[in-house]
**Q** 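One structure coming up, written as structure tokens, with questions to follow.
Values reported hereafter were calculated over all heavy atoms of this structure, with side chains retained and with hydrogens, waters and symmetry mates removed. Along the sequence shown, residues carry numbers from 1.
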Amino acid sequence: MITSTVIRYVLVLSLITPAFLQERGWRGITPLHSTREEVERLIGQPMMPGGITYDLKTERVNVVYSAGGCGKGHPSEWNVPVGTVIGVTLYPQTRLMLSDLRVDLSRFEKSVNPLSSDSVFYKDDEDGISIGTGSTGEVFVVQYLPSRKDSNLRCPTTRQSSEPARSFDEYSNLKLSDEKARLNNFALRLQRDPQLNGYIVVYGRLGDHSDKAKAHAKRAKAYLVNARRIREARIITIDGGCSENIEVELYTLPSSAPPPTPTARCN
């Protein structure tokens with residue numbers, strides 16, 4: 001006899017699997033072709049006004065948007081208008097196994113983090129899909145990036161130091177286990193490119209923001225340094241000021257670039 005727990009799992013899985021792995025974009029959102037207006041019409045408003053994080057029932061979603069095309073005052077990696085989707089990152093909020101996705105892994109290049117074998121990535125550059133799992137095969141992140149056929153939209157120049165910094169990730173009110181999943185993804189980006197530094201900007205609650213922000217930033221940095229083996233000098237913490245809740249922004253920037261500038265969230 002099938003238990004109610006198993007039935008709920010099957011129902012959730014039937015909803016989550018098609019949404020997580022689609023060859024052409026996600027829920028109709030396609031990097032380099034969709035806009036912020038289309039995203040918010042399809043999945044609603046971000047958690048913070050003008051932000052990039054969307055809280056859905058089965059996943060949290062980060063959508064990175066373009067700051068402007070090549071050579072138009074907003075140096076960018078992609079020659080697309082302001083507000084165009086650059087990439088979509090999905091963090092499952094329910095248990096999802098790689099086997100549940102029923103994906104043909106022969107299309108994907110497999111890589112194991114040499115410093116931490118509990119992180120395995122599968123990447124399909126042709127369609128711009130990346131899947132991150134733990135050693136047990138549990139999926140902790142799915143990314144939709146520009147596909148190879150859109151490579152003609154890539155800017156010929158690299159990022160300039162004058163470009164306003166855009167966050168790699170942002171979140172608030174996460175359990176420690178959930179935050180570690182986000183920091184794992186952040187660490188992998190830093191490990192792949194040793195020329196980048198990582199910035200942790202933390203906003204604390206009004207009234208006690210300074211102490212709480214410093215403690216939260218210290219905990220996040222300690223995890224990256226001790227558990228993920230990122231060199232301490234590459235992780236810089238910044239007190240962002242006050243906000244209604246603890247909020248965190250993560251940035252990966254070249255060592256030659258200026259640090260991100262926090263934006264106070266309260267008076």
Side-chain angles (χ1 to χ4, degrees), residues 19-20 22 24-56 59-70 72-92 121 123-125 127-132 140-148 150-151 153-155 157-160 162-172 181-190 192-193 196-201 247-254 257 259-263:
F20 264 76
Q22 300 160 13
R24 186 59 177 165
W26 173 77
R27 293 195 181 187
I29 300 167
T30 307
L32 304 187
H33 297 278
S34 299
T35 64
R36 178 184 280 273
E37 290 74 17
E38 292 170 331
V39 170
E40 294 178 0
R41 185 171 66 248
L42 288 166
I43 64 174
Q45 298 296 310
M47 296 177 66
M48 295 178 286
I52 66 169
T53 300
Y54 301 80
D55 192 15
L56 308 182
E59 64 266 9
R60 280 199 175 183
V61 184
N62 278 6
V63 183
V64 176
Y65 298 101
S66 172
C70 309
K72 296 181 180 179
H74 296 280
S76 173
E77 184 179 0
W78 299 98
N79 190 22
V80 291
V82 175
T84 301
V85 175
I86 299 297
V88 180
T89 303
L90 314 174
Y91 299 95
F121 269 79
K123 188 175 183 181
D124 176 6
D125 288 326
D127 291 319
I129 301 174
S130 176
I131 307 168
F140 62 80
V141 66
V142 177
Q143 293 179 297
Y144 286 88
L145 305 169
S147 64
R148 183 168 288 160
D150 287 325
S151 59
L153 295 174
R154 189 182 295 275
C155 291
T157 57
T158 57
R159 181 185 189 277
Q160 303 295 317
S162 59
E163 179 187 357
R166 296 194 299 274
S167 61
F168 173 85
D169 195 359
E170 59 183 43
Y171 53 86
S172 61
R182 310 292 275 268
L183 293 173
N184 286 341
N185 201 32
F186 185 54
L188 286 170
R189 178 71 182 96
L190 294 172
R192 287 175 177 172
D193 191 342
L196 297 178
N197 285 334
Y199 291 86
I200 306 172
V201 183
E247 296 174 2
V248 180
E249 295 174 345
L250 304 177
Y251 294 83
T252 57
L253 300 174
T261 302
T263 303

**Q** Find the distance between CG (Asp127) and CG (Leu145) and round it off to the nearest 0.5 Å.
**A**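 Separation between the atoms: 11.5 Å.
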**Q** Do Thr89 and Val61 have side chains that approach each other closer than 4.5 Å (heavy atoms only, starting at C-beta)?
**A**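 Sidechains of Val61 and Thr89: no contact.
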**Q** Compare every heavy atom of Phe121 with every heavy atom of Gln143, then report the nearest pair and how far apart it is.
**A**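 Of all heavy-atom pairs spanning Gln143 and Phe121, the closest is OE1-CE2, 4.4 Å.
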**Q** As an exercise, state the distance from CD1 of Ile200 to CG of Leu183, rounded to the nearest 0.5 Å.
**A**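 One finds 6.5 Å between CD1 of Ile200 and CG of Leu183.
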**Q** Tell me which one of Glu247, Glu170, Glu249 satisfies side-chain contact (heavy atoms from CB on, under 4.5 Å) with Val201.
**A**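 Among Glu247, Glu170, Glu249, the one meeting side-chain contact (heavy atoms from CB on, under 4.5 Å) with Val201 is Glu249.
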**Q** Verify side chain to side chain contact (heavy atoms under 4.5 Å, CB included) between Arg27 and Val88, making sure each step is shown before the conclusion.
**A** CA-CA 11 Å; Arg27 293 195 181 187; Val88 180; over 6 Å; no
**Q** List the atom of Asn62, the atom of Arg182, and the distance in Å for their closest heavy-atom pair.
**A**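 Where Asn62 meets Arg182 most closely, the heavy atoms are OD1-NH2, 3.6 Å.
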**Q** For the residue pair Asn185 and Asp169, establish whether any side-chain heavy-atom pair is separated by less than 4.5 Å.
**A**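 A side-chain contact is absent here, since even the closest heavy-atom pair is not under 4.5 Å.
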**Q** Are the side chains of Arg189 and Thr252 in touch, meaning some heavy atoms are under 4.5 Å apart?
**A**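 Of all side-chain heavy-atom pairs linking Thr252 with Arg189, at least one is under 4.5 Å.
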**Q** Which atom pair, heavy atoms only, marks the closest approach of Phe140 to Ala181?
**A**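 In this case the closest contact between Phe140 and Ala181 is CD1-O, 4.5 Å.
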**Q** Do Arg154 and Trp78 touch side chain to side chain, with heavy atoms closer than 4.5 Å?
**A**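 Sidechains of Trp78 and Arg154: in contact.
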**Q** Tell me, do Tyr65 and Val85 make a side-chain contact under 4.5 Å, heavy atoms counted?
**A**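 A side-chain contact under 4.5 Å exists here.
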**Q** How many angstroms lie between OG in Ser172 and CG in Asp55, if you round to the nearest 0.5 Å?
**A**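 Reported value, rounded in 0.5 Å steps: 8.5 Å.
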**Q** Considering non-hydrogen atoms only, spot the tightest contact between Ile86 and Val80 and give its length.
**A**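 In this case the closest contact between Ile86 and Val80 is CD1-CG2, 3.9 Å.
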**Q** Quick test of your reading: applying salt bridge (Lys or Arg N to Asp or Glu O under 4.0 Å), list the pairs with at least one residue in residues 40-50, sequence neighbours left out, ordered by first then second residue.
**A**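 Applying salt bridge (Lys or Arg N to Asp or Glu O under 4.0 Å) to every pair that reaches into residues 40-50, excluding sequence neighbours, yields Arg36-Glu40.
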**Q** What closest approach, in Å, do Val82 and Ala67 show between heavy atoms, and which atom pair accounts for it?
**A**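 Of all heavy-atom pairs spanning Val82 and Ala67, the closest is CG2-O, 3.3 Å.
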**Q** Could you tell me if the side chain of Tyr144 sits less than 4.5 Å from the side chain of Thr30, heavy atoms only?
**A**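 Answer no - side chains too far apart.
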**Q** At what distance, to the nearest 0.5 angstrom, does CD1 of Ile129 lie from CH2 of Trp26?
**A**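 Reported to 0.5 Å precision, the distance equals 13.5 Å.
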**Q** Supply the atom-to-atom distance Thr84 OG1 to Asn79 CG, rounded to the nearest 0.5 angstrom.
**A**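 Separation between the atoms: 10.0 Å.
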**Q** What distance separates Ser147 OG from Leu32 CG, expressed to the nearest 0.5 Å?
**A**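 If I round to the nearest 0.5 Å, the distance is 7.5 Å.
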**Q** With under 30° as parallel and over 60° as perpendicular, where do the rings of Phe186 and Phe168 fit, or are they tilted in between?
**A**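 Phe186 and Phe168: tilted rings.
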**Q** Looking only at heavy atoms, which two atoms of Pro31 and Pro146 are closest? And how far apart?
**A**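 It is CB-N, 3.9 Å.
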**Q** For residues Thr53 and Pro46, determine if any side-chain heavy atom of one lies less than 4.5 Å from a side-chain heavy atom of the other.
**A**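 SC-SC contact between Thr53 and Pro46 ruled out.
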